[in-house]
Amino acid sequence: MGVDVGSAAHGVMGKVKKVKAIVTDTGEKRLRELGYKQELSRTLGMIVNFAVSYTIIGVLMGITGLYSLGFSYGGPVSVIWGWVTVGFFSIFIALSMAELTSSLPTAGGLYFWSYHLAGPKWGPIASWITGWFNYLGFVCGMAVINSIGANVIATQIVLSTGPGGETGYVATKEMILLFMTILAILQGIINSFHVNFLAVFEKMALYIEIAGLIIICVTLLSISDHKQSAKFVFTQYEPAIGTGVNNKFYVFLIGLLMSQFTLLAYDAATHLTEETVGADWTAPIMIVSAVVSAAVAGFLYLLVLTFCIQDPLTILDPGNATAGLNAVGQIFYDAFVSKGHTYKGAIALLMIPLLAAWFSGVAQLAATSRVLFAVTRDKAVPFSKFLHWSPASTHTPIVAVWVSVFFSFCFSLFILKNSIAFNAVTSASTIGAYIAYTIPIALRLVCPHNFHPGPFHLGWFSYVSGTIAVVYMVFMCVVFCLPISYPIDSNTFNYTPVTAGAVTLVALILWFASARKYYKGPVRTITTDESFAGENYYKDEMTVHGEENRKAPPVGAL
């Protein structure tokens with residue numbers, strides 16, 4: 001009896017094509033298993049996911065904007081070794097976060113993890129607190145990012161009209177607030193379009209970050225007349241003059257805020273998992289890659305900046321060319337004029353960190369709005385139906401975008417007080433993020449029975465990484481609540497513990513007053529049967545390709 005090989009092969013290929021047409025993306029499949037239907041457009045790839053994580057960290061933005069703060073508290077020792085310290089511990093946080101992202105790839109991210117890991121009894125309040133602090137960290141972060149962008153604009157203005165505060169125009173606090181508001185509105189407009197439009201911008205942002213870093217470093221090294229010694233760069237300690245803080249270790253810890261705020265918010269990739277292809281593997285890998293890449297890039301940027309300082313005594317002087325607005329701007333200015341070049345080159349070079357800051361804000365807003373989208377999907381806040389709305393034409397949480405813009409503006413108002421008051425917003429952003437990071441990572445350690453590994457898992461190293469991450473974050477939360485200037489009065493008071501305490505108090509009051517009665521944790525948007533629809537197709541496809549039960553090895557076993 002003959003066998004029609006051609007027909008048989010055609011039949012098998014037809015079956016494979018049919019199966020492939022039905023098979024769900026692994027990230028979407030896991031999302032269905034967790035009880036959610038696919039509402040957002042899942043079109044983002046690996047490069048975009050990395051771009052979001054890397055650009056939201058914003059090496060050029062964070063260092064350019066906060067170098068003055070780091071240098072004020074400890075000088076080169078604080079800036080260089082503070083970055084190394086924060087970068088080292090951030091890798092452990094990123095690894096722990098990546099493992100949880102792989103297991104639970106939802107837009108809710110941290111607050112969903114907290115519920116799942118704490119279990120049905122304690123899960124609701126754990127996720128409630130996590131969600132509040134996660135959102136606080138993001139909206140405060142938006143305000144700080146836009147303040148950095150506004151500060152760069154103000155620096156360019158004083159250089160182009162002066163230079164120097166005596167002849168140039170120094171922007172008022174109200175003008176800075178206006179610049180911040182314009183930047184936020186433009187970021188909101190970009191985030192109102194389809195996520196594919198955002199993807200284009202994030203790729204562009206990644207290219208600007210990478211190319212911009214190279215351009216700045218090469219330019220400074222080639223045009224600066226004088227280079228500082230290695231001894232100065234790696235060992236020079238500068239006291240925090242005029243702050244009343246004299247203990248060297250205390251000064252060093254406060255100086256960490258520059259590095260700490262910059263190396264933050266990399267959980268953005270987590271909040272875009274419902275829009276990322278193969279998110280249960282892609283997102284965790286990109287989180288770790290972004291943190292490691294940013295740590296290396298930031299170290300190189302700091303080395304170049306510090307080596308190229310022409311006069312350490314003037315970069316923070318209010319009477320300098322930038323009117324004391326921006327230490328990095330002053331470094332740029334000094335480098336250009338050191339060999340007789342026009343200082344207008346410094347104005348042009350500042351366009352790179354300005355663009356980096358704006359793009360970082362775009363990514364920050366994207367992540368912020370997805371957090372609010374996920375929270376409202378679970379009906380955890382009043383007006384959830386309205387806040388959750390997204391138009392069918394774009395599948396973008398547009399209401400959540402503009403509500404987030406509004407809240408970031410509210411925190412921007414701190415700029416009208418003074419720089420110390422606004423530093424509290426920077427600290428609150430860090431503390432908000434760290435509390436939100438700490439809760440699920442700690443729950444992963446104490447409730448291992450509720451954790452089910454995804455494709456990316458750490459194995460035995462999960463406990464080492466998680467313990468280091470939790471201890472470090474708790475310690476830093478305490479540090480950033482400490483006074484940064486003495487004696488303490490209304491102008492020098494650190495408002496960070498007030499801000500964090502107010503958020504905690506409001507969250508707990510709302511919880512015990514009403515939320516505990518209606519919020520029982522994440523709300524399924526599909527039935528249990530629907531959650532596992534397509535499971536057999538997934539297995540069939542893997543069998544056809546000879547890949548059944550294929551899993552990535554535990555990272556800890558490598």
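We number each residue from 1, following the sequence as shown.
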S.K.: Check whether more than 12 heavy atoms from other residues, nucleotides or ligands sit under 6.0 Å from atom CZ of Phe406, and answer yes or no.
M.R.: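 Atom CZ in Phe406 is not crowded, with 12 or fewer foreign heavy atoms closer than 6.0 Å.
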S.K.: Let's go through Phe71 and Ile309 carefully: what are the C-alpha distance in whole Å and the side-chain angles of both, what is the deciding distance for side chain to side chain contact (heavy atoms under 4.5 Å, CB included) to 0.1 Å, and is it a yes or a no?
M.R.: CA-CA 12 Å; Phe71 200 88; Ile309 293 175; 3.9 Å; yes
S.K.: Side-chain contact test, heavy atoms from C-beta onward, threshold under 4.5 Å: evaluate it for Ser404 versus Leu365 and give yes or no.
M.R.: yes
S.K.: Checking side chain to side chain contact (heavy atoms under 4.5 Å, CB included) for the pair Leu253/Phe475: CA distance, chi angles, key distance, verdict?
M.R.: CA-CA 10 Å; Leu253 290 177; Phe475 176 73; 4.1 Å; yes
S.K.: Extract all donor-acceptor atom pairs below 3.5 Å that involve side chains of residues 350-361 and protein atoms in other chains or at least two apart in sequence.
M.R.:
residue	atom	partner	partner atom	Å
Ser360	OG	Thr55	O	3.1
Ser360	OG	Ile56	O	3.3

S.K.: For the pair Ser408 (side chain) and Val405 (backbone), establish whether a donor and an acceptor sit closer than 3.5 Å, ignoring hydrogens and angles.
M.R.: yes
S.K.: Side-chain contact, heavy-atom cut-off 4.5 Å: Leu66 with Leu257?
M.R.: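 Result no, sub-4.5 Å side-chain heavy-atom pair not found.
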S.K.: Taking the side chain from Ser222 and the backbone from Thr219, do they hold a donor-acceptor pair closer than 3.5 Å?
M.R.: yes
S.K.: For the residue pair Phe89 and Phe92, does the interplanar ring angle fall in the parallel (under 30°), tilted (30 to 60°) or perpendicular (over 60°) class?
M.R.: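 Rings of Phe89 and Phe92: tilted, as their planes differ by 30° to 60°.
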S.K.: Are any of the side-chain heavy atoms of Asp334 and Thr314 separated by less than 4.5 Å?
M.R.: yes
S.K.: Whether the Trp83 and Thr262 side chains hold a donor-acceptor pair (N or O, under 3.5 Å, no angle test) is what I'd like checked.
M.R.: no
S.K.: Decide if atom NZ of Lys203 counts as having more than 12 heavy atoms of other residues, nucleotides or ligands within a radius under 6.0 Å.
M.R.: no
S.K.: Side chain to side chain contact (heavy atoms under 4.5 Å, CB included) for Leu136 and Trp132? Distances and angles first, verdict last.
M.R.: CA-CA 6 Å; Leu136 170 71; Trp132 271 83; over 6 Å; no
S.K.: Going through the distances and angles, do Tyr437 and Leu264 end up as a side chain to side chain contact (heavy atoms under 4.5 Å, CB included)?
M.R.: CA-CA 11 Å; Tyr437 294 177; Leu264 199 66; 4.2 Å; yes
S.K.: Are Gln187 and Asn146 linked by a side-chain donor-acceptor pair shorter than 3.5 Å?
M.R.: yes
S.K.: With a 4.5 Å limit on heavy-atom distance, are the side chains of Thr322 and Pro163 in contact?
M.R.: no
S.K.: For Tyr343 and Phe336, I'd like to know if the aromatic rings sit close, meaning centre-to-centre distance below 6.0 Å.
M.R.: no
S.K.: Do the non-hydrogen side-chain atoms of Ile431 and Cys481 ever get within less than 4.5 Å of each other?
M.R.: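 Yes, side chains in contact.
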S.K.: In Å and rounded to the nearest 0.5 Å, what is the CD1 to CD1 distance from Ile148 to Ile153?
M.R.: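 If I round to the nearest 0.5 Å, the distance is 12.5 Å.
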